[in-house]
Amino acid sequence: MSSLDSSVSLNGTFVRPSFFHINGFSNIPYVKYYYGFLSLVYAVTIIGNSFIMLIIYMAQSLHTPKYVAVFHLAVVDLCGSTALIPKIIETFLFDSPLITYEACLTSMFFVHFFSLMQSFTLVLLAYDRFVAICFPLKFHVFVTNTLMVMMIIVAWAFTAVLLIGGVVFFTRLSFCKSIVINGYFCDHGIVIRLACNDFSPNLVFAMISIAALFYVPLLVIVLSYVCIISALLKIASTSGCWKALKTCTSHLILVALFYFPLCGTYLASLTSYVHPNARIINTSLAAVIPPMLNPIIYTLKTQEIMEAIKIFYQRRKLHAMEK
């Protein structure tokens with residue numbers, strides 16, 4: 001599988017394979033249990049995010065800018081997990097490692113798209129907390145449902161345009177050597193390195209995109225919390241300070257869950273050798289665990305959602321008694 005065969009189409013010296021082979025883990029016993037675990041994670045992700053979307057939709061009290069962003073995060077988490085986990089299960093649990101060139105490109109686009117949209121959504125939630133704490137008197141001017149929806153639309157459009165540019169750059173690559181992807185999905189960074197022509201433009205474009213869509217949002221979140229902490233230090237009442245900070249805990253947990261594993265894996269790869277199996281486990285868990293935990297964290301750590309769930313349950317109970 002390390003070289004091409006009759007399944008590729010040749011046009012001069014340009015080679016576009018009909019398919020790639022996703023290699024996944026190597027030499028790990030009982031690895032199918034891990035893919036079974038991912039199946040469980042996917043099931044919990046679907047239930048959790050569908051539930052929180054239902055609660056936000058049904059509860060009129062949650063029709064606020066903050067919960068527009070939370071609803072969007074649930075949508076993105078659900079779509080991102082759907083773009084990734086079922087294909088992993090099909091590839092490895094059901095022993096179907098071949099993926100067509102077009103399907104690989106499509107999977108690459110949507111997995112990266114929804115991952116980066118998670119990053120943008122965390123920025124929107126940081127913006128909500130920043131205005132609420134630093135400019136409380138102007139909150140209803142600077143943070144509205146309409147503005148939040150507009151920022152979401154801009155984020156989708158901006159991310160889509162950048163990634164479509166990446167797809168265009170990808171289609172100029174020729175794969176005349178290996179078609180084996182040593183990863184668990186069609187990861188852009190891994191696949192472009194299989195090309196036998198110059199992939200440096202792809203690499204530069206990818207680095208610019210990652211900086212714009214991953215590190216800039218992280219920097220914005222960090223700066224927003226620097227401003228929040230600075231504003232809280234000016235509050236004379238300690239109880240008031242802690243009360244305001246408590247409204248940020250859910251968001252801070254989400255930020256830590258999303259960014260720390262990815263940043264840790266990236267820094268480890270820069271400073272030392274990371275075994276492919278370890279990299280696959282770290283990156284796959286970093287991709288699938290946050291979407292599963294996000295709705296659980298927001299349900300348990302947010303008083304408004306807990307109240308909305310109680311009201312929803314009481315209404316269902318009353319409706320059942322009336323029948």
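No experiment lies behind these values; they were computed from the predicted model shown.
Side-chain N or O atoms of Ser50 include none that pairs as donor or acceptor with a backbone N or O of Ile47 at under 3.5 Å. Put simply, the side chain of Ser119 gets close to the backbone of Leu213: a donor and an acceptor are under 3.5 Å apart. Proximity of a side-chain donor or acceptor of Thr302 to a complementary backbone N or O of Glu304 within less than 3.5 Å is not detected. Put simply, the side chain of Thr159 gets close to the backbone of Ala155: a donor and an acceptor are under 3.5 Å apart. For Ser284 (side chain) and Ile281 (main-chain N/O), a donor-acceptor pair under 3.5 Å exists by modelled atom type. Checked by atom type and distance alone, the side chain of Arg193 pairs as donor or acceptor with a backbone atom of Gly189 at under 3.5 Å. A donor-acceptor pair under 3.5 Å is absent between the side-chain atoms of Arg129 and the main chain of Ile228, judged by distance alone. Judged by distance alone, with hydrogens and angles left aside, the side-chain atoms of Asn197 form a donor-acceptor pair with the main-chain N or O of Ser174 at under 3.5 Å.
Not counting sequence neighbours, the partners of Ile210 by the side-chain contact (heavy atoms from CB on, under 4.5 Å) test are Phe214, Tyr215. In this structure, the side-chain contact (heavy atoms from CB on, under 4.5 Å) partners of Phe139, at least two apart in sequence or on a different chain, are Asp128, Val131, Ala132, Val143. Not counting sequence neighbours, the partners of Ile190 by the side-chain contact (heavy atoms from CB on, under 4.5 Å) test are Ile181, Asp187, Arg279. In this structure, Cys134 has no disulfide (SG to SG under 2.5 Å) partners at least two apart in sequence or on a different chain. Residues satisfying the ring-ring contact (aromatic ring centres under 6.0 Å, His included) test with Phe258, not counting sequence neighbours, are none. With sequence neighbours left out, Tyr225 forms a ring-ring contact (aromatic ring centres under 6.0 Å, His included) with His251. In this structure, the ring-ring contact (aromatic ring centres under 6.0 Å, His included) partners of Phe169, at least two apart in sequence or on a different chain, are Phe205. Applying the ring-ring contact (aromatic ring centres under 6.0 Å, His included) test to Phe185 and every residue at least two apart in sequence or in another chain returns His112. With sequence neighbours left out, the side-chain contact (heavy atoms from CB on, under 4.5 Å) criterion links Tyr57 to no other residue. Every residue two or more places apart in sequence or in another chain that forms a disulfide (SG to SG under 2.5 Å) with Cys104 is listed here: Cys186.
Hydrophobic clustering keeps Val161 apart from Met117 (ILVMFWY residues linked when any side-chain heavy atoms are closer than 4.5 Å, directly or through intermediates). Both Val111 and Val167 sit in one connected hydrophobic cluster of ILVMFWY residues. Membership requires side-chain heavy atoms under 4.5 Å apart, directly or through other members.
With no hydrogens or angles considered, a side-chain donor-acceptor pair links Tyr42 and Thr82 at under 3.5 Å.
Within the 4.5 Å cutoff, the side chain of Met151 has no heavy atoms near those of the Phe120 side chain. Ile297 places a side-chain heavy atom less than 4.5 Å from the side chain of Leu257.
Within the structure, salt bridge (Lys or Arg N to Asp or Glu O under 4.0 Å) contacts touching residues 86-112 (residues at least two apart or in different chains) are Lys87-Glu90.
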> What's the verdict on side-chain contact (heavy atoms from CB on, under 4.5 Å) for Phe20 and Thr100, showing C-alpha distance, side-chain angles and the deciding distance?
Replying inline: CA-CA 6 Å; Phe20 290 100; Thr100 65; over 6 Å; no

Can I get a per-line list of side-chain donor-acceptor pairs under 3.5 Å for residues 289-296, giving both atom names and the distance, sequence neighbours left out?
from: Asn294; atom 1: ND2; to: Asp77; atom 2: OD2; distance (Å): 2.8
from: Asn294; atom 1: ND2; to: Pro290; atom 2: O; distance (Å): 3.3

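Aromatic ring orientation, Phe110 versus Phe113: perpendicular (interplanar angle above 60°, classes split at 30° and 60°).
Residues Phe170 and Phe175 bring their aromatic ring centres within 6.0 Å. Ring to ring, Phe92 and Tyr34 are not that close: their centroids are 6.0 angstrom or more apart.
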